Amino acid sequence: MQVSILTLFPEMFPGVLGSSLTGDALEKGLWNLNAINIRDFATDKHKTVDDTPFGGGAGMLMKPDVVEAALLSIPAHQRGKCLYMSPRGRPLTHAMALELADSPALTILCGRYEGVDQRVLDAYDFQEVSIGDYVLTGGELPAMVLLDAVLRLKPGVLGNKATHDEESFYDGLLEYPHYTRPANWLDKQGQTHHTPAVLLSGHHAEIRQWRQNEAEALTAERRPDLWEAYKQRKNNKITGQS
Ligand code: ADE
């Protein structure tokens, strides 16, 4: 996957994506990264990239002509889907990550200041994506979050397909709890914590059922929105609706 980042801070990349699985994948050439400095495309001697908003208001906006020039420096066939990280975008979900993982190329615009002039977003069909209902100082961390979620879905990045199949959101449920050795763990406060006996039983059908029950209970308790959607899908399956 060819990834182009449009940013005022190219030195932030690959950042965390340069370590661990995404870093190994980058080294192996499973994805390529091109971090483009938007400021290189400013045309005045002060290298101006922002200006005040028409109609007044606080803060500065990134100029459409400069953002456009940075975008057009990427050959059209290498741009793929154009995304703009913004708190007012569509919320990033596992389903969106799966869809983006199918794209051979992604171009991600990272805003700073109050944002970007609307016209360049419209003219080049940028899809706005949010990583949550909070405001960060810029789109660079959100771009990394999105890329981590997408890249781990690309073949060869995790190296173990089974991991995908049982993780949270694969089936619309949160993941059941996990335990490893020691089976009975004595903490430094003098408390012993036992592993649920069923997991030590070697009884695979019972283990599967226990995990399913745990995942359902956890989802119902923590995420009523996901739980309702899950039950709805189950019902539709039973009644044959899509
Ligand atoms: N830029 C600033 N805050 C953001 C958020 N929550 N999601 C995506 N981009 C952002």
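This structure is a prediction, so every number in the text was calculated from the model and none was measured. When a residue number appears, it is its place in the shown sequence, counting from 1. Start at 1 and go down the list; that is how both ligands and their atoms are numbered.
A donor-acceptor contact under 3.5 angstrom links the side chains of Gln212 and Glu216, judged on distance only. A donor atom on one side chain and an acceptor atom on the other are found under 3.5 Å apart for Glu68 and Tyr124.
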Check the pair Glu140, Arg112 against salt bridge (charged side-chain N to carboxylate O under 4.0 Å, His left out), reporting the backbone distance first and the verdict last.
CA-CA 9 Å; Glu140 286 78 9; Arg112 284 270 152 182; 2.8 Å; yes

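For ligand 1, the protein residues within 4.0 angstrom (heavy atoms only) are Met85, Ser86, Pro87, Val129, Ser130, Ile131, Gly132, Tyr134, Val135, Leu136, Gly138, Pro142.
For Tyr230, the ring-ring contact (aromatic ring centres under 6.0 Å, His included) partners two or more places apart in sequence, or in a different chain, are Trp227. Listed by chain and number, the residues in a salt bridge (Lys or Arg N to Asp or Glu O under 4.0 Å) with Arg119 are Asp117 (sequence neighbours excluded). The ring-ring contact (aromatic ring centres under 6.0 Å, His included) test applied to His94 returns no partner, not counting sequence neighbours.
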